[in-house]
Amino acid sequence: MALVLAGFVLCLSGLQLIVAADHPSYVAAVYEHRVLLNPNPRHPLDRSSALEHMKQNLHVFEEQAALAAQQGAQIIVFPEDAIHGFNFTRASIAGYLETVPDPQKVTWSPCADPHRFPDTEVLHSLSCMAQKNLLFLVANMPSRQSCNQTADPRCPADDQYQFNTNVVFSDQGVIVARYHKQNLYFEAAFDAPPECKYITFTTPFAGRFGVFTCFDILFRDPAVTLVKEMGIRQIVYPTAWMNQLPLLAAVQFQRSFSYATGVTLLAANVRAAEYGITGSGIFTPWDSLIHHDAEGNSGKLLVRKVPVLDPSFTGDDKHKLVPFSGYPSTNEPENMHVGSTSSFNANLDGEYCQKDSECAEGALSSTFNSIMMYDNFTLVPLQGTEGNISICSGSVCCHLLFRRSDTREFYALGVFDGLHVVHGTYYLEICALVRCTGEEQSSCGGESEHAQTLVDFRLTGTFTTPYVFPGILGSGMTLYVPDHSGWEGGNRFYMSRMGMSAGLVTAMLYGRHYEKDSV
């Protein structure tokens with residue numbers, strides 16, 4: 001089946017896209033920056049010393065903005081923490097802070113009017129980059145905002161908020177958007193804003209974009225609200241994401257978010273090998289241009305042409321992608337016919353277990369528990385070259401139909417239904433097929449980027465949340481999208497994939513139950 005999408009033909013089998021010549025498009029760039037760090041971030045620097053440090057990173061930004069413009073880029077995104085670094089205390093970051101005026105109240109180009117506000121050298125530099133290269137520019141920086149405890153009971157004791165802030169400049173150097181990160185990740189230097197704001201900006205070449213930062217991507221606000229409630233289909237996303245396999249490597253979840261929500265995601269990550277930080281990309285719902293290099297020491301500029309997805313810009317609201325609906329197709333091979341053997345021709349209707357006891361009847365002898373991503377998963381091993389297995393935990397039941405090229409590598413199907421409480425608190429409902437890193441059961445959940453076994457599969461899960469992020473990761477950080485995915489039978493979400501050219505590392509249905517985060 002083919003869905004005509006505002007001048008595109010979106011072939012839902014494999015999500016291959018044919019772009020009509022007259023459909024609006026633009027050129028986007030993201031830069032993965034090898035940030036030059038302050039070697040002693042907990043020691044306060046005066047303003048002059050802090051500026052000297054930041055200018056080293058800004059000099060690289062200037063070079064990359066010019067290179068992007070030479071390749072026709074109309075917008076560039078730089079990473080989170082890329083100007084100043086990280087691991088500061090509230091006191092030690094003071095010399096790095098600048099006040100960023102609210103662009104909804106003040107129209108200002110720091111490049112054109114550099115003395116309007118004091119101590120805004122970084123804003124001036126970024127503004128001039130945007131203006132000189134005639135591109136929209138997104139950067140992340142530390143900011144301050146004065147407050148009064150009498151008027152604002154949430155105001156910190158030192159009478160100022162300190163925010164992790166994204167600033168967006170127009171191609172004329174004017175500040176057009178300011179976003180303060182809502183969901184902080186062990187960031188002692190910063191405050192969460194007293195209220196969550198949903199920040200967007202409009203460009204003349206692609207319409208509206210939304211803005212959020214790093215850890216925000218795992219939470220309803222602002223990320224999902226921007227997409228689902230406000231209809232945003234293009235996101236700029238500075239991040240400093242530490243990779244954690246098998247479920248949350250940077251490009252792995254960036255790919256899943258873009259696919260699940262039907263958005264273009266411009267994701268710029270920091271390069272810091274000593275912290276396991278890498279992974280940037282330009283993602284559309286159907287394809288991507290990525291960079292992941294855990295060992296390299298240089299930055300990477302990615303530039304590519306992408307279609308405009310904002311329906312208010314294209315004038316076609318009728319055929320827009322619906323977030324979290326999947327990409328089903330009426331011509332999916334019946335029961336995923338990847339072979340003629342009985343297990344693949346079997347009718348799957350009625351074979352899904354709906355609670356723990358039903359799954360346990362057929363799998364009790366082989367189920368085991370292992371820690372994956374700090375959570376206690378229940379798993380069942382894959383046996384033989386093809387099969388049909390199920391496993392449940394609480395209200396989440398996972399069902400896998402598979403055929404694989406080899407049995408030498410240990411694979412298991414895992415399920416988790418519960419509150420994640422390490423390095424953040426959020427409720428998860430997960431079905432995951434993972435390649436274990438060794439032969440022992442405890443290795444299931446270990447981190448590895450490599451696998452040799454080719455696997456065709458159909459993975460299904462029962463969920464109590466509509467927010468399911470499908471993801472498929474192949475060997476060497478190769479990303480795939482499902483051939484087909486979607487809801488069936490009310491609360492069951494499925495995805496299928498055949499014919500991968502790389503060994504399977506992870507196939508996951510990553511469900512987020514936002515309402516249970518505070519349970």
Practice task
In sequence, state the C-alpha distance, the side-chain angles, and the governing distance for H291 and S280, and then conclude on side-chain hydrogen bond (donor to acceptor under 3.5 Å, both in side chains).
Solution key: CA-CA 5 Å; H291 179 71; S280 304; over 6 Å; no
Handout entry: Working for side-chain hydrogen bond (donor to acceptor under 3.5 Å, both in side chains), residues Y514 and D221
Key = CA-CA 9 Å; Y514 303 112; D221 294 317; over 6 Å; no
Exercise for the section: Determine, stepwise, if the pair Y161 / F190 fulfils ring-ring contact (aromatic ring centres under 6.0 Å, His included). Expected result: CA-CA 8 Å; Y161 286 108; F190 298 124; over 10 Å; no
Practice task
Evaluate ring-ring contact (aromatic ring centres under 6.0 Å, His included) for F86 paired with Y275, printing each intermediate quantity in order.
Solution key: CA-CA 11 Å; F86 29 76; Y275 294 98; 5.1 Å; yes
Exercise for the section: Show your working on ring-ring contact (aromatic ring centres under 6.0 Å, His included) between H420 and Y427 and close with a plain yes or no. Expected result: CA-CA 6 Å; H420 176 90; Y427 201 97; over 10 Å; no
Practice task
May I have the step-by-step check of side chain to side chain contact (heavy atoms under 4.5 Å, CB included) for M373 and I430, ending in yes or no?
Solution key: CA-CA 12 Å; M373 312 286 295; I430 298 176; over 6 Å; no
Exercise for the section: Would you check, one step at a time, whether the test side-chain hydrogen bond (donor to acceptor under 3.5 Å, both in side chains) holds for E515 with H513? Expected result: CA-CA 6 Å; E515 293 81 2; H513 204 310; 3.2 Å; yes
Handout entry: T200/L226 under side chain to side chain contact (heavy atoms under 4.5 Å, CB included): CA gap, chis, key distance, verdict
Key = CA-CA 9 Å; T200 66; L226 279 170; 3.9 Å; yes
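Judged by distance alone, the side chain of D191 and the main-chain N or O of P193 form no donor-acceptor pair under 3.5 Å. Using modelled atom types, no side-chain atom of E63 and backbone atom of F61 make a donor-acceptor pair closer than 3.5 Å. The backbone N or O of K55 lies less than 3.5 Å from no partner atom in the side chain of E121, so there is not a single donor-acceptor pair. Not a single donor-acceptor pair under 3.5 Å links the side chain of T213 to the backbone N or O of P238. Using modelled atom types, one side-chain atom of T478 and one backbone atom of S475 make a donor-acceptor pair closer than 3.5 Å. Distance alone, capped at 3.5 Å, places no donor-acceptor pair between the Y185 side chain and the G424 backbone. Side chain of S443 to backbone of G438: a donor-acceptor contact under 3.5 angstrom is found. The backbone N or O of V60 sits nowhere less than 3.5 Å from a side-chain atom of Q64 that would complete a donor-acceptor pair. The backbone N or O of R208 sits less than 3.5 Å from a side-chain atom of Q234, completing a donor-acceptor pair.
Side-chain contact of E449 with H292: a donor-acceptor pair under 3.5 Å is present, judged by distance alone. Between the side chains of N140 and N164, at least one donor N or O lies within less than 3.5 Å of an accepting N or O. In this model, a donor atom of one side chain and an acceptor atom of the other lie less than 3.5 Å apart for T278 and E32.
The only member of F212, W241, Y467 that meets ring-ring contact (aromatic ring centres under 6.0 Å, His included) when paired with F257 is F212.
Taking both residues in full, the closest heavy atoms of P482 and Y259 are given as CD-CZ, 3.5 Å, listed atom of the first, atom of the second, then distance.
In E295, the CD atom is not crowded: 12 or fewer heavy atoms of neighbouring residues, nucleotides or ligands sit closer than 6.0 Å. Counting non-hydrogen atoms of neighbouring residues, nucleotides and ligands closer than 6.0 angstrom, the CZ atom of R154 reaches no more than 12 such neighbours. In the displayed structure, Q104 atom CD is contacted under 6.0 Å by at most 12 heavy atoms of other residues, nucleotides or ligands.
Taking the six-membered ring for Trp and thresholds of 30 and 60 degrees, F136 and F201 have nearly parallel ring planes, at less than 30 degrees apart.
Remark: R512 qualifies as a cation-pi partner of F219 under the 6.0 Å distance and 45° angle criteria applied to the six-membered ring.
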